[in-house]
J.: 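Here it is, the structure in full.
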Amino acid sequence: GEELKDEEGEEFDHDDDDDKSEEKAELVNPCEDHHCGWGKECMLNKKNEPHCECIRECPKIPNADSFDRVCSNHNDTYESICDLYRQRCLCRKGHDDCAKPKNNNVHLEYLGECKELT
């Protein structure tokens, strides 16, 4: 009689779940838990280890309006926070897409387009 109980019992279901989760674990992207911050994205190196690179392209904001834009401490308007930090990342790495070298210390001054300084 005990075998029947086991077949009907829930213990076996849990075992099945364990098998599935082990299979999944091997497929988990190491980047999933590797947070890179604004303007960067996680890439895997040849050893499949996660590291942060400047994001190739910032996600486009659907129906973006002027409120999505941000103003930097250099009084430059960027389309998004991501674009601002992408620029900083590129300049720190000496990338060709770096607009001006001083952007290696660019940061968010305030949200919204830069106001004209008079």
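Scope of the values below: all heavy atoms of this structure, side chains included, with no hydrogens, waters or symmetry mates. In this text, all values refer to a predicted model and were calculated from it rather than measured experimentally.
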J.: Are the side chains of Cys82 and Pro59 in contact, using a 4.5 Å heavy-atom criterion?
T.: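 Yes; the side chains approach each other to less than 4.5 Å.
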J.: Could you tell me the separation between the CD atom of Glu113 and the CG atom of Asn75, rounded to the nearest 0.5 Å?
T.: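 Glu113 atom CD to Asn75 atom CG measures 11.5 Å (nearest 0.5 Å).
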J.: Which value, rounded to the nearest 0.5 Å, describes the distance between Lys60 atom NZ and Glu79 atom CD?
T.: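 Answer for the NZ-CD pair, Lys60 versus Glu79, is 8.0 Å.
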J.: In terms of side-chain geometry, is the basic nitrogen of Arg56 or Glu41 positioned less than 4.0 Å from the acidic oxygen of its partner?
T.: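 A salt bridge links Arg56 with Glu41.
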J.: Would you say His74's side chain and Asp76's backbone share a donor-acceptor pair under 3.5 angstrom?
T.: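 Pair absent, no side-chain N/O of His74 close to backbone of Asp76.
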J.: Quick check for you: to the nearest 0.5 Å, what is the distance between Leu90 atom CG and Asp96 atom CG?
T.: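 If we round to the nearest 0.5 Å, Leu90:CG and Asp96:CG are 9.5 Å apart.
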J.: Which atom pair, heavy atoms only, marks the closest approach of Asn104 to Arg88?
T.: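 The answer is O-CG, 3.5 Å.
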J.: Remaining members of Leu44's ILVMFWY cluster at a side-chain heavy-atom cut-off under 4.5 Å?
T.: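 None; Leu44 is a cluster of one.
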J.: Is it the case that one hydrophobic cluster holds both Leu111 and Leu84, taking links as side-chain heavy atoms less than 4.5 Å apart, direct or via other members?
T.: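 Leu111 clusters together with Leu84.
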J.: Quick test of your reading of the model: are Arg69 and Asp83 salt-bridged, counting only N-O distances below 4.0 Å?
T.: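 A salt bridge is absent here (no side-chain N lies under 4.0 Å from a carboxylate O).
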J.: Check the SG atoms of Cys42 against those of Cys36: under 2.5 Å or not?
T.: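 Not so, these two cysteines form no disulfide.
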J.: Check Cys54 against Cys89 for me: are their SG atoms closer than 2.5 Å?
T.: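 Disulfide present: SG-SG distance under 2.5 Å.
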J.: Just how far is it from atom NE2 of His35 to atom NZ of Lys40, taken to the nearest 0.5 Å?
T.: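 So the NE2 of His35 and the NZ of Lys40 are separated by 9.5 Å.
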J.: Residues in side chain to side chain contact (heavy atoms under 4.5 Å, CB included) with Lys47, at least two apart?
T.: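 Only Asn45, Glu49 meet the side chain to side chain contact (heavy atoms under 4.5 Å, CB included) criterion with Lys47.
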J.: Of the non-hydrogen atoms in Tyr110 and Lys115, which two are nearest, and what is the gap between them?
T.: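 Of all heavy-atom pairs spanning Tyr110 and Lys115, the closest is OH-N, 2.8 Å.
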J.: Is Gln87 reaching over with its side chain to a backbone N or O of Val106, donor-acceptor style, under 3.5 angstrom?
T.: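 Absent.
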J.: Locate the shortest heavy-atom distance separating Asn48 from Pro30; write the atom from each residue and the value.
T.: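 That would be O-CG, 3.6 Å.
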J.: Provide the closest heavy-atom pair for Asn73 versus Asn105 in the form atom of the first, atom of the second, distance.
T.: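 Taking Asn73 first and Asn105 second, the nearest heavy atoms are ND2-O, 3.5 Å.
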J.: So, using salt bridge (charged side-chain N to carboxylate O under 4.0 Å, His left out) as the criterion, who are the partners of Lys102 when residues are at least two apart?
T.: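 Here no residue qualifies.
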J.: Check Arg86 against Ile55 and note the closest heavy-atom contact, atom names and distance.
T.: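 Closest approach of Arg86 to Ile55: NE-O, 2.8 Å.
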J.: Out of Ser72, Cys58, Cys71, which one pairs with Tyr78 under the side-chain contact (heavy atoms from CB on, under 4.5 Å) rule?
T.: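 It is Ser72; the other options fail the test.
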J.: Could you check whether Asn29 and His34, counting side-chain N and O atoms only, form a donor-acceptor pair closer than 3.5 Å?
T.: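 Their side chains do not contain a donor-acceptor pair, so the 3.5 Å distance test is not met.
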